[in-house]
Amino acid sequence: MTERTEEQEESLFESPPLAEQERMVEAILFASAEPVTVKELNDRMPHGSDAAEALVLLRKRYEGRGVRAIKVGDSWAIRTAPDLGFLMQKETVETRKLSRAAVETLAIVAYHQPVTRAEIEEIRGVSVSRGTVDQLLEMEWIRFGRRKMTPGRPVTFVVTQNFLDHFGLENARDLPGLKELRSAGLLENRAAGLGPLLTETEEEEEAEEGQSELFED
């Protein structure tokens, strides 16, 4: 088939109106348990559809509503508006409570990623048990990153898309800063057992460094 013939054949199928594409995207996201990428949306929609453009309209339409179309990493999902989260508390079933060690380890990974086990232990000031790391890996809130180019090439840890989705974050740069944590009373100048997560001057630097590792294969 010549290129001309292919173009003629494709032209027989017009793309759906943008409003209809928006409805399609809405339906897919609403029915999907996991966030969906733009490519996955385009693959499921009719030929000629532009999921990215439809998402812009859908996101705008949901502004101020009870649910929002949000970006999670490289994917999209429909989630409850943050200010209405309290309404879902009765329907939320807490299957596992994180230990203090797990919470501290998770916080260090989130703010220092990519970070090795030795670096986690240095920041916490105590050793990290295998069980603590295994629990976070099993929950799919952290994952293995690339190996560090130092003697022994130790493996690093980074947070996952599931972690970002759970806390309503688009990427790790959206994590609250130290001033926000302290003003909310969630972090003292030197949290017990956690050590200095970041200094004030390092906070912006850390936001820029290491983010390319976040979803690296």
Side-chain angles (χ1 to χ4, degrees), residues 15-98 103 106-107 109-111 113 136 139-143 158-187 197 203-204 206-208 210-216:
S15 60
L18 191 55
E20 185 65 15
Q21 293 181 41
E22 180 188 350
R23 292 181 65 239
M24 294 178 183
V25 168
E26 181 181 28
I28 294 172
L29 295 184
F30 183 81
S32 299
E34 302 293 333
V36 184
T37 65
V38 172
K39 181 180 184 306
E40 290 170 339
L41 288 170
N42 281 324
D43 289 344
R44 296 171 64 174
M45 294 168 66
H47 175 78
S49 297
D50 187 345
E53 188 173 358
L55 279 165
V56 172
L57 294 181
L58 185 64
R59 192 174 195 177
K60 185 175 181 179
R61 184 182 299 276
Y62 275 156
E63 288 180 358
R65 305 289 295 178
V67 294
R68 301 186 311 166
I70 66 169
K71 191 174 183 183
V72 182
D74 295 327
S75 303
W76 289 82
I78 290 179
R79 294 290 183 265
T80 304
D83 61 317
L84 299 180
F86 71 96
L87 296 173
M88 307 297 114
Q89 290 178 354
K90 291 185 178 180
E91 284 69 38
T92 300
V93 179
E94 186 176 353
T95 57
R96 179 181 300 181
K97 185 175 181 180
L98 288 178
V103 172
L106 180 62
V109 174
Y111 281 93
Q113 65 178 339
L136 295 174
M139 294 176 68
E140 297 185 347
W141 278 9
I142 67 171
R143 69 170 180 83
V158 296
V159 294
T160 65
Q161 182 167 293
N162 285 345
F163 168 85
L164 297 176
D165 189 18
H166 182 85
F167 290 101
L169 304 172
E170 180 174 332
N171 55 55
R173 293 186 181 91
D174 295 328
L175 285 165
L178 289 186
K179 291 182 179 178
E180 296 173 87
L181 291 175
R182 287 169 181 158
S183 63
L186 298 177
L187 182 69
L197 280 177
E203 182 177 355
E204 294 185 358
E206 282 293 324
E208 298 297 328
Q211 297 305 323
S212 61
E213 317 290 341
L214 189 53
F215 296 106
E216 183 175 0

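Predicted model only: the values in this text are computed from it and were never measured.
Every side chain to side chain contact (heavy atoms under 4.5 Å, CB included) that Ser49 has, sequence neighbours left out, goes to Pro16, Gln21, Met45, Pro46.
Side-chain contact check for Leu29 versus Leu58: some heavy-atom pair is nearer than 4.5 Å. With contacts defined as side-chain heavy-atom distances shorter than 4.5 Å, the pair Val36/Ser75 does not qualify.
Applying the salt bridge (charged side-chain N to carboxylate O under 4.0 Å, His left out) test to residues at least two apart or on different chains, the pairs with a partner in residues 17-36 are Glu20-Arg23, Glu22-Arg61.
The backbone N or O of Leu18 lies less than 3.5 Å from no partner atom in the side chain of Glu53, so there is not a single donor-acceptor pair. For Thr160 (side chain) and Phe163 (main-chain N/O), a donor-acceptor pair under 3.5 Å exists by modelled atom type.
Distance CG/Asp74 to CD/Gln161: 7.0 Å, rounded to 0.5 Å. The distance from the CD1 atom of Ile78 to the CD1 atom of Ile70 is 10.0 Å, given to the nearest 0.5 Å. The line from OG1 of Thr37 to NZ of Lys71 is 11.0 Å long, rounded to the nearest 0.5 Å. For the atom pair Leu84 CG and Arg68 CZ, the distance stands at 10.0 Å (nearest 0.5 Å).
Across all their heavy atoms, Arg59 and Trp76 have their closest contact at NH1-CH2, 3.3 Å. Taking every heavy atom of both residues into account, Leu136 and Leu106 meet most closely at CD1-N, 4.0 Å. Contact record, Ala51 with Leu41: CB-CB, 3.6 Å, taken as the closest heavy-atom pair. Annotation for Ala54 and Val25: closest pair CB-CG2, 3.8 Å, computed over non-hydrogen atoms.
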Worked check of salt bridge (charged side-chain N to carboxylate O under 4.0 Å, His left out) between Asp165 and Arg79: CA-CA 9 Å; Asp165 189 18; Arg79 294 290 183 265; 2.7 Å; yes
